[in-house]
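Okay, so here's the structure we're looking at.
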There are 2 protein chains.
Amino acid sequence: MKITPTSLPVAPESEPEPGQSRYGWLAAGMRSRIVQGEWPPGEPIPPEALLAKTHGVALGTIRQALALLVAEGLLERQHGKGTYVKAGLGGASMMRFFRFRHGSEDQPVPQSRILRVKRRLADADESDALGLPTGGSVLQVERMRSLHGRPCLLEHLVLGLPRFDALAESNPKDWDDLLYPMYQRVCGVVILRAQDELSFELLNSADARRLELDTAHPCVRVQRKAFDMSNQCVELRTTLGDAFAFQYTAQVR
Amino acid sequence: MKITPTSLPVAPESEPEPGQSRYGWLAAGMRSRIVQGEWPPGEPIPPEALLAKTHGVALGTIRQALALLVAEGLLERQHGKGTYVKAGLGGASMMRFFRFRHGSEDQPVPQSRILRVKRRLADADESDALGLPTGGSVLQVERMRSLHGRPCLLEHLVLGLPRFDALAESNPKDWDDLLYPMYQRVCGVVILRAQDELSFELLNSADARRLELDTAHPCVRVQRKAFDMSNQCVELRTTLGDAFAFQYTAQVR
DNA sequence: CAGTGGTCTAGACCACCGC
DNA sequence: CGGTGGTCTAGACCACTGG
C-alpha cells in the first residue's frame, strides 16, 4: 500500500507546517536563499511567473510572499525590470546621517583606524541585548574614523562572539572602512535595521584628546543597536562626535 | 424634471482619474469618509463583501484599498471580527511625533503657551516646501512648551494659509496643547508622517532668555516637515531645547 | 518588441469570533 | 451557527522597461 502515491515533481520537504500560510512558507524559503547567498545582494531574483510555476502555486500567492520580503526590506521591486535583493544596510547608507562641514565636500566615507580589539566576557546587559547565554563572550572593538586626516568619530563596538568568530580571527589591519558589508562578506551577517539613541554630553579629557578637541567640548553620543534578518540584535555601537559638525535626519510615522 | 434619474445609490463623481489605480481611488474615498467622521474612530467599517458589492468591484480590489489604509495607520483589521477605524487618531497617539525624552522615563504632554501668531507672505523656500503659489501667505506661530511650569521647548511653526484659514481665524487662547489633533478637528488636516532634521548649536541671547537658560548654552534644533495624507508637506516646525535635557530615538532602515 | 511587475476579476475554501 | 477577515486559484489585461 502506497503511503504517498503522488507522482508530481514536488520539491523535497515542501510541507508548510500546519498553522503556516503557504505564502509565509514560500517567503521563508526565499528568505533563506537570500541569506545563504544563493540570491546575492543587488541581483535580480527569478520573475514571478517562473517562481509561481516552479513552486506549483498561483501568481497571487507568490506575490504575497514577495510582498512580505519587500516589507522586511530584503527585496525591492522595480516595475518593468524585476525584483532585486536589497544591498542591505550598507555602511555608506548608515553614514548618510552624519555630515561634516570640512570644506564644502559631500560626505565621503570616513577612513577607519582600529585602535583596539579585545575578546572578553559579556556583561549582563550585553548578553541580554545580543541574545547570548550567560557566560558568553564578545568581541570589543574601538576605532577612530577620520575625514581628510582629521579624527571625527570615536566608535566603541560590541559583537556577539559565536557569530563573529571569523572576524575575531582575522587581522584588524585588513578590515574595511565600512563594517556592515564586511560583516556580510566575512560572517554572513546582514544588517537590515538599526535603532539609534541620540544624546548630548561634554567630552572627557581622554576622548577629547583622541578626537583632537578640547576637554568638555560639546559632543553627540549615538548609541546604536543593529539587527539582522531574524530581528536579532547583533551589534552594539556607541559613536562620539563633535556636536557642531553633526546633522541627523529621521522619518517619523 | 429630474437631473439624476438613477435609482441606484451610486456615489457621485466616482470616476477614477486616469493614471490612478482603482484601489487607490477607493482608498481615497474611504480615507475621506474617515476624515469627515462618517466612519468614526473605534467603530467598525462595513465588511469587505458589502464594500465590494456597493462599489461594484471585486473582493481583491477592496482588500488592496483596505491594505493601503492599514499601512497608513488609519484602519486596523481583526480576523473574524471586522475592520475598525483606529481609535486615538485624534488623541495622544499623535504624541508619537513628539520624540524628546526629558530625563525621566515617562513623557507627559508639555503645556503650551502661544507667544505670537502672525499672517505674512511666504518666502521662496516656504512656498516650495508647502506647495503654495508664489505670493501665497502663511500663518507663523511661536509657542513655548513647558513641563511642570518650567519652559523646555521653544517652537516656531509655519502653516500654509489657504489650508489653515480656520485656525488663523480662531483664538490662540483656545488652542490645544497638541496641535496635530487640532489640525484634524478644525481644518480637516491629518498628519500621517513627519521628517525630522536634528542639529546642535548655541543659544542666542533672546532664545536663551525665553528658555531661562544662559546665552550660548548648548541646544538642540529639530527642524520638522509634517506631511498630510496626500504626502503634501503642510507644516514647517523648528523646535529648540536644552541639549542636556535631550534624548531622541530613531529607527533606521 | 518581448519580458517584467501592477491591477483586477470571480469565484472557492479556510480560520477565527461571538452568540 | 452565521458572519467576518485570511488564503488561494487561474486566468485576463495594463503599464513600464529595455533592447
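Letters A, B, ... are given to chains in the order of the sequence lines, protein chains preceding strands, and every chain is numbered from 1. Bear in mind that the values here come from a model prediction, so they are computed numbers and not experimental data.
With sequence neighbours excluded, the residues forming a side chain to side chain contact (heavy atoms under 4.5 Å, CB included) with A166(B) are V186(B), C187(B), listed by chain and number. Scored by the side chain to side chain contact (heavy atoms under 4.5 Å, CB included) test, L50(A) finds P46(A), P47(A), T54(A) as partners (sequence neighbours excluded). For A49(A), the side chain to side chain contact (heavy atoms under 4.5 Å, CB included) criterion is met by no residue, not counting sequence neighbours. Residues forming a salt bridge (charged side-chain N to carboxylate O under 4.0 Å, His left out) with D128(A) (at least two apart in sequence, or on another chain): none. With sequence neighbours excluded, the residues forming a side-chain hydrogen bond (donor to acceptor under 3.5 Å, both in side chains) with S112(A) are R143(A), listed by chain and number. D165(A) meets the salt bridge (charged side-chain N to carboxylate O under 4.0 Å, His left out) test with R119(A); sequence neighbours excluded. Partners of V158(B) under the side chain to side chain contact (heavy atoms under 4.5 Å, CB included) rule, at least two apart in sequence or in another chain, are R120(B), E126(B), L130(B), V138(B), H156(B), L236(B).
The stretch residues 75-83 of chain A comes close to DNA chain C through R77(A), Q78(A), H79(A), G80(A), K81(A), G82(A), T83(A), each having a heavy atom under 4.0 Å from the strand.
Rounded to whole angstrom, the span from the CG atom of L50(B) across to the C1' atom of dG5(D) amounts to 14 Å. Atom CD1 of I45(A) and atom C1' of dG5(C) are 11 Å apart (whole Å).
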Side chains of residues 55-62 of chain A: which donor-acceptor partners sit under 3.5 Å, not counting sequence neighbours?
from, atom 1, to, atom 2, distance (Å)
H55(A), ND1, L51(A), O, 2.9
H55(A), NE2, R33(A), NH2, 3.1

Distances under 3.5 Å between nitrogen or oxygen atoms of protein and nucleotides 7-11 of chain C:
from, atom 1, to, atom 2, distance (Å)
dT7(C), OP1, Y23(B), OH, 2.8
dT7(C), OP2, Y23(B), OH, 3.2
dC8(C), OP1, R22(B), N, 2.4
dC8(C), OP2, R22(B), N, 3.4
dC8(C), OP2, Y23(B), N, 3.0
dT9(C), OP2, A58(B), N, 2.8
dT9(C), OP2, T61(B), OG1, 2.3

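Among residue pairs with one or both ends in residues 37-51 of chain A, those qualifying as side-chain hydrogen bond (donor to acceptor under 3.5 Å, both in side chains) are E48(A)-R63(A), E48(A)-R77(A); sequence neighbours excluded.
Residue-environment remark: CD (Q78(B)) exceeds the threshold of 12 foreign heavy atoms within 6.0 Å.
Counting only Watson-Crick and G-U wobble pairs whose two distances sit under 3.5 Å, DNA chain C takes part in these stems of three or more pairs: C:1-16 with D:3-18.
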